[in-house]
Participant: 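The following block contains the structure, expressed as structure tokens.
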Amino acid sequence: MVLLTPVLVAVVCILLVWVFKNAQRSLERKEEGPAARPWLDGDLQGDPELLRRGEAGADPDEWPEAEESVAHVPFSHTRYPEQEMVKRSQEFYELLNKRRSVRFISSEQVPGEVIDNVIKTAGTAPSGAHTEPWTFVVVKDPDMKHKIREIIEEEEEVNYMRRMGHQWVTDLKKLRTNWIKDYLDAAPVLILVFKQVHGFAADGRKKVHYYNEISVSIACGLLLAALQNAGLVTVTTTPLNCGPRLRVLLGRPPHEKLLILLPVGYPSKEATVPDLRRKALEQIMVTI
């Protein structure tokens with residue numbers, strides 16, 4: 001038994017060192033926060049200060065005073081006969097079912113009033129506590145569009161070569177897409193959609209924008225539907241790791257984070273799209 005004592009001491013020492021190192025790593029991870037995945041744009045993260053304020057037990061005195069109550073008014077609603085409902089829903093589905101991601105866009109100009117209307121449509125989206133946390137930046141200037149393209153292509157080449165990973169790049173091959181984005185120069189309009197991670201109260205203090213990313217994502221969905229309804233095409237692009245540079249280029253404030261970029265216009269005469277099929281209703285809907 002005495003002969004085993006040094007061995008036991010050594011084992012205990014090794015265990016103590018192992019426990020200490022693991023505890024230290026765990027503490028470091030907590031301090032650093034969750035590790036960012038390679039495909040997650042760090043510019044889309046929320047405001048740490050506001051996240052801390054939103055935790056249970058935060059001092060209410062730190063928050064700006066609530067806005068005055070909003071008056072309620074009678075709701076105006078149009079109800080259709082059942083047959084008309086079915087007809088309208090079917091026609092709207094058929095319209096949106098023709099929507100495709102188009103990467104071949106004509107340089108032909110589109111009416112400015114149409115762009116105004118589709119942006120207004122996107123602005124009808126619901127938002128957390130009606131904070132409307134979105135900014136739509138419409139770019140028509142050719143020089144500015146080209147600068148945007150240069151930034152995106154520079155980052156996208158790195159994304160394809162290193163950041164995205166083999167599986168992602170492989171999955172994109174069927175779409176015949178790469179880091180070259182000709183449509184950013186060709187499209188007459190670029191719409192860059194920014195989410196506002198917070199707003200400002202009248203006294204200048206930060207004001208929480210609840211569910212800002214979900215709210216802006218809903219607005220983007222309405223924007224896509226409005227563009228399709230107007231006879232225009234686009235392709236949804238998420239310029240990975242380009243957000244900070246594009247924000248500075250466009251003169252947007254730090255609390256705005258780029259969520260999505262849409263090149264908008266008419267399809268070019270030689271436009272093609274992948275022959276893809278959408279999932280059937282029974283694959284996407286569960287009725288209980």
Side-chain angles (χ1 to χ4, degrees), residues 39 41 89-111 114-115 117-119 121-122 125 136-140 142 145-146 148-157 159-161 163-193 216-240 242 246 258-285:
W39 59 84
D41 193 333
S89 63
Q90 178 65 25
E91 289 176 347
F92 192 65
Y93 159 69
E94 291 174 358
L95 171 67
L96 292 190
N97 193 40
K98 295 176 182 177
R99 187 208 59 77
R100 298 300 305 270
S101 295
V102 178
R103 294 175 172 82
F104 304 93
I105 300 177
S106 168
S107 59
E108 182 181 354
Q109 296 299 307
V110 300
V114 172
I115 299 301
N117 287 336
V118 297
I119 298 294
T121 301
F136 300 90
V137 179
V138 177
V139 179
K140 300 180 180 180
K145 287 191 299 178
H146 189 69
I148 291 172
R149 177 182 177 179
E150 288 179 328
I151 290 173
I152 290 177
E153 288 187 341
E154 180 182 329
E155 290 290 344
E156 280 286 81
E157 184 174 7
N159 291 337
Y160 273 81
M161 300 302 293
R163 295 182 183 129
M164 289 163 57
H166 174 74
Q167 187 60 54
W168 189 354
V169 174
T170 300
D171 289 343
L172 287 173
K173 281 185 178 179
K174 64 184 178 184
L175 304 178
R176 300 180 190 174
T177 180
N178 55 37
W179 60 83
I180 305 300
K181 312 295 182 185
D182 296 330
Y183 50 74
L184 294 176
D185 272 326
V189 174
L190 303 181
I191 301 177
L192 292 89
V193 186
V216 180
S217 297
I218 295 171
C220 288
L222 293 181
L223 178 56
L224 291 173
L227 290 169
Q228 179 70 11
N229 182 63
L232 298 173
V233 298
T234 187
V235 54
T236 53
T237 68
T238 51
L240 184 65
C242 298
L246 293 177
L258 180 63
L259 187 67
I260 200 167
L261 184 153
L262 300 174
V264 173
Y266 301 106
S268 62
K269 292 181 179 179
E270 68 277 7
T272 61
V273 293
D275 187 16
L276 302 177
R277 296 290 183 271
R278 293 187 168 94
K279 292 181 179 180
L281 179 63
E282 57 270 17
Q283 293 178 285
I284 64 173
M285 184 179 78

Participant: About how many Å separate CG of Leu184 and CD of Glu150, when rounded to the nearest 0.5 Å?
Facilitator: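 Atom-to-atom, Glu150:CD and Leu184:CG are 11.0 Å apart.
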
Participant: Start with the C-alpha distance between Leu223 and Thr121, add both sets of side-chain angles, then the distance that settles side-chain contact (heavy atoms from CB on, under 4.5 Å), and finish with yes or no.
Facilitator: CA-CA 7 Å; Leu223 178 56; Thr121 301; over 6 Å; no

Participant: Should Arg99 and Ser101 count as side-chain neighbours, where that means a heavy-atom distance under 4.5 Å?
Facilitator: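 Yes. Closest side-chain heavy atoms under 4.5 Å.
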
Participant: With a 4.5 Å limit on heavy-atom distance, are the side chains of Thr236 and Leu262 in contact?
Facilitator: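 In contact.
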
Participant: Please examine the side chains of Pro263 and Arg103, heavy atoms only from C-beta on, and report whether any two atoms are closer than 4.5 Å.
Facilitator: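 They are not in side-chain contact.
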
Participant: Does Lys140 use its side chain to pair, donor to acceptor, with the backbone of Gln109 at less than 3.5 Å?
Facilitator: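 No, the answer is negative, given that no donor and acceptor are paired below the 3.5 Å cut-off.
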
Participant: What heavy-atom pair brings Lys145 and Asp185 nearest, and what distance separates the two atoms?
Facilitator: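 Taking Lys145 first and Asp185 second, the nearest heavy atoms are NZ-O, 3.3 Å.
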
Participant: To the closest 0.5 Å, what do you measure between OG (Ser217) and CG (Leu259)?
Facilitator: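 Ser217 OG to Leu259 CG: 5.0 Å, rounded to 0.5 Å.
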
Participant: Using side-chain heavy atoms (C-beta onward) and a distance below 4.5 Å, is Arg277 in contact with Asp275?
Facilitator: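 Yes; the side chains approach each other to less than 4.5 Å.
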
Participant: So do Ile152 and Leu246 actually touch side chain to side chain, heavy atoms under 4.5 Å?
Facilitator: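 In contact.
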
Participant: Could you give the distance from CG (Asn229) to CG (Asn117), rounded to the nearest 0.5 Å?
Facilitator: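 The CG atom of Asn229 sits 10.5 Å away from the CG atom of Asn117.
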
Participant: Taking all non-hydrogen atoms of both residues into account, name the closest pair between Cys220 and Val193 and its distance.
Facilitator: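 Heavy-atom minimum between the residues: SG-CG1, 3.8 Å.
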
Participant: Hey, is the main chain of Pro274 close enough, under 3.5 Å, to the side chain of Arg100 for a donor-acceptor pair?
Facilitator: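 Yes, Arg100 side chain to Pro274 backbone: donor-acceptor pair under 3.5 Å.
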
Participant: Measuring from Gln228:CD to Asn97:CG, what's the distance to the nearest 0.5 Å?
Facilitator: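 Between atom CD of Gln228 and atom CG of Asn97 there are 9.5 Å.
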
Participant: How long is the span from the OH atom in Tyr266 to the CD1 atom in Ile105, to the nearest 0.5 Å?
Facilitator: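 Answer for the OH-CD1 pair, Tyr266 versus Ile105, is 12.5 Å.
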
Participant: Between Glu108 and Gly265 (side chain of the first, backbone of the second, donor and acceptor by atom type, cut-off under 3.5 Å), is there such a pair?
Facilitator: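 Such a contact is absent between Glu108 side chain and Gly265 backbone.
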
Participant: Rounded to the nearest 0.5 Å, how far does CD of Gln90 lie from CD of Glu94?
Facilitator: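 With rounding to 0.5 Å, CD (Glu94) is 4.5 Å from CD (Gln90).
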
Participant: Grab the two heavy atoms, one from Pro188 and one from Ser107, that are nearest each other, plus how far apart they are.
Facilitator: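 Heavy-atom minimum between the residues: CB-O, 4.2 Å.
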
Participant: Answer whether the closest heavy-atom distance between the side chains of Leu227 and Val233 falls below 4.5 Å.
Facilitator: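 No - every pair of side-chain heavy atoms lies 4.5 Å or more apart.
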
Participant: Within the 4.5 Å heavy-atom criterion, are Ile148 and Leu261 side-chain neighbours or not?
Facilitator: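 Yes, their side chains come closer than 4.5 Å.
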
